[in-house]
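Side chains are part of it too, since the values below use all heavy atoms of this structure and drop only hydrogens, waters and symmetry mates. Residue numbers start from 1 in every chain, and the chains themselves are labelled A, B, ... in the order their sequence lines are given, proteins ahead of strands.
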Protein chains: 2
Amino acid sequence: MKLFLSTYVNKIDSKGRISLPSSFRNILSKENKKEIILFKSIKFAAIDGCSYERINTISERIDNLDIFSEDQDDFSTSIFSEIVPTSLDKEGRFIIPNFLKKHANLKNEAAFIGQGNYFQIWHPKSALEKQKASRERIKANKKTLTSILINKSND
Amino acid sequence: MKLFLSTYVNKIDSKGRISLPSSFRNILSKENKKEIILFKSIKFAAIDGCSYERINTISERIDNLDIFSEDQDDFSTSIFSEIVPTSLDKEGRFIIPNFLKKHANLKNEAAFIGQGNYFQIWHPKSALEKQKASRERIKANKKTLTSILINKSND
DNA sequence: TACTTTCCCATTGACGCCCATAAAAACCCA
DNA sequence: TGGGTTTTTATGGGCGTCAATGGGAAAGTA
């Protein structure tokens with residue numbers, strides 16, 4: 001199974017283009033090799049991105065939320081109405097729409113951070129802070145990454 | 001079951017390459033013979049490493065968490081975005097990314113320390129100190145290696 | 001026309017692939 | 001068991017390819 005892994009910082013050029021990291025490009029399916037989907041992260045000043053296929057999974061999960069809950073409605077509105085299908089150029093670059101750039105405070109560069117089945121685009125500095133905060137929350141819960149990564153048995 | 005055992009000190013060459021010890025290479029599965037995973041040790045100035053397979057188990061676990069929960073987000077950020085998938089060349093060498101080299105104070109050589117299901121990469125001197133400290137802690141805790149090695153049923 | 005987006009080409013540096021060598025380890029056979 | 005031979009390892013270096021980036025020109029859009 002292919003996953004979006006690791007972190008890469010790339011530049012936004014004068015035309016607004018930015019390269020999707022090579023290892024992320026390789027994850028896109030052959031049918032939709034040049035297509036990705038972007039949308040505003042609900043919780044963060046960041047952009048979520050994924051392959052076209054992933055949208056189906058997300059929609060299923062939202063469907064599984066209680067149909068009468070406010071959450072369900074909020075999520076589907078936030079996500080689906082603001083989805084931006086985006087295509088890569090021959091070199092693997094794409095253009096981040098202005099409203100998304102604004103949402104994530106992007107100017108000259110952006111950090112791509114792998115999240116397994118999807119990825120996020122952050123202002124590089126915010127990305128570092130986010131990673132640090134996540135680590136510390138996990139530590140505070142007395143869980144160690146190593147134990148998660150290494151131990152065969154889950155507890 | 002094959003385990004990462006023993007300690008080896010290898011050189012980092014001018015291109016930044018270092019050989020994964022042969023005995024460690026033999027532990028990697030045939031499917032992913034040329035792929036390992038590196039990540040920052042949380043507790044030490046060292047790098048943790050393991051075979052690529054673990055990723056699959058880990059990602060399944062994370063994927064099964066509630067997609068909107070904070071845990072899910074923390075785990076996927078800390079793990080997926082900070083993991084460094086790395087491939088070995090034909091000779092069994094790989095490149096340690098700069099930010100990891102910095103974290104472990106590595107320059108011209110590095111010590112590989114077997115830890116059973118995973119391994120660590122240390123600055124050779126720090127590795128010695130670490131091993132010494134570990135032995136002394138065990139002594140202080142009045143545990144003997146023999147007791148651990150002899151008794152079958154310890155948990 | 002003015003502006004935006006895509007296509008194409010060029011550059012640079014990083015990395016992968018290949019071959020070479022010396023030392024160590026494994027092997028073999030008397 | 002010892003000594004010689006073969007194989008494996010760790011290491012070094014050349015070179016071609018690819019990724020990230022930049023910019024000009026063409027094509028599309030308003």
Side-chain angles (χ1 to χ4, degrees), chain A residues 2 4-28 30 32-38 49 84-102 106-114 119 121-124 127, chain B residues 2 4-28 30 32-38 49 52 83-102 106-114 119 121-124 127:
Chain A
K2 301 241 183 168
F4 296 101
L5 299 174
S6 207
T7 297
Y8 305 87
V9 176
N10 286 346
K11 289 187 180 154
I12 298 174
D13 72 17
S14 60
K15 293 178 180 180
R17 299 173 299 189
I18 187 167
S19 292
L20 186 68
S22 167
S23 83
F24 286 14
R25 296 202 296 267
N26 292 333
I27 293 167
L28 309 179
K30 289 121 207 167
N32 288 330
K33 219 180 183 58
K34 296 292 183 187
E35 300 291 329
I36 58 173
I37 283 168
L38 302 177
V84 184
T86 306
S87 60
L88 309 184
D89 72 12
K90 208 181 178 185
E91 281 76 30
R93 294 174 290 194
F94 63 100
I95 291 175
I96 305 174
N98 273 323
F99 81 96
L100 287 178
K101 267 204 264 195
K102 220 173 265 176
L106 302 178
K107 287 176 307 238
N108 301 318
E109 49 179 24
F112 291 84
I113 77 177
F119 60 89
I121 306 173
W122 287 74
H123 182 94
Chain B
K2 302 229 182 173
F4 297 102
L5 300 174
S6 200
T7 298
Y8 305 86
V9 176
N10 286 346
K11 289 186 181 156
I12 298 174
D13 73 17
S14 60
K15 291 181 177 180
R17 300 174 298 190
I18 187 167
S19 291
L20 186 69
S22 166
S23 81
F24 287 14
R25 295 203 296 268
N26 292 332
I27 294 166
L28 310 179
K30 290 120 208 168
N32 286 328
K33 220 181 183 55
K34 296 293 183 186
E35 300 289 330
I36 59 173
I37 290 168
L38 303 176
Y52 192 85
I83 252 179
V84 184
T86 306
S87 58
L88 309 184
D89 70 13
K90 208 181 179 186
E91 283 74 30
R93 293 174 292 192
F94 64 100
I95 292 176
I96 305 174
N98 273 322
F99 79 97
L100 287 179
K101 268 203 265 195
K102 221 175 263 175
L106 301 178
K107 286 175 308 236
N108 301 318
E109 49 179 23
F112 291 84
I113 302 183
F119 60 88
I121 306 174
W122 287 73
H123 182 96

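Atom-to-atom, CZ of A/Phe94 to C1' of C/dC7 comes out at 19 Å; the value is rounded to the nearest Å. When the P atom of D/dA20 is taken as reference, atom OH of A/Tyr8 falls 9 Å away, rounded to whole Å. Between B/Asp13 atom CG and C/dA14 atom P there is a gap of 14 Å when expressed in whole angstrom units. The interatomic distance linking A/Asn108 (CG) with D/dT21 (C1') rounds to 14 Å, in whole Å. What separates CD1 of A/Ile95 from P of D/dG22 is a distance of 14 Å, to the nearest Å. Here the C1' atom of nucleotide D/dG22 and the CD1 atom of A/Ile12 are 15 Å apart, to the nearest Å. C/dC15 atom C1' lies 10 Å from atom CG of B/Asp89, rounded to whole Å. If you measure from atom NZ of B/Lys90 to atom P of C/dG16, you get 15 Å, rounded to the nearest angstrom.
Looking at heavy-atom distances under 4.0 Å, A/Ser22 makes contact with sugar-phosphate atoms alone, never a base. Within the nucleic acid shown, B/Leu20 comes within 4.0 Å of sugar-phosphate atoms alone, with no base atom in reach, counting heavy atoms only.
Put simply, A/Ser14 has no side-chain N or O that comes within less than 4.0 Å of OP1 or OP2 on D/dG22. Between D/dA10 and B/Lys11, no contact under 4.0 Å exists linking OP1 or OP2 to a side-chain N or O. Between C/dC17 and B/Arg17, no contact under 4.0 Å exists linking OP1 or OP2 to a side-chain N or O.
Here the side chains of A/Pro97 and A/Leu38 are in contact, with some heavy-atom distance below 4.5 Å.
Considering only the side chain of A/Arg93, D/dG23 comes nearest among C/dG16, D/dG23, D/dA19. In this structure, the nucleotide among C/dC19, D/dA10, D/dA20 sitting nearest to the side chain of A/Arg25 is D/dA20.
Taking all atoms of both residues into account, the shortest heavy-atom contact from B/Lys101 to B/Ile96 is CE-O, 3.5 Å.
Between B/Phe112 and B/Phe94, the ring-plane angle classifies as perpendicular under the 30° and 60° cut-offs.
Interface remark: the B/Glu91 side chain does form a donor-acceptor pair with the C/dC19 base, using a distance-only criterion of under 3.5 Å. Contact of A/Lys15 with D/dT21 (side chain to base): no donor-acceptor pair of N or O atoms is detected under 3.5 Å.
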Can you check side chain to side chain contact (heavy atoms under 4.5 Å, CB included) on A/Ile12 and A/Asn108, steps first, answer last? CA-CA 5 Å; A/Ile12 298 174; A/Asn108 301 318; 5.5 Å; no
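For the residue pair B/Tyr8/B/Ser23, the side-chain donor-acceptor check at 3.5 Å is satisfied.
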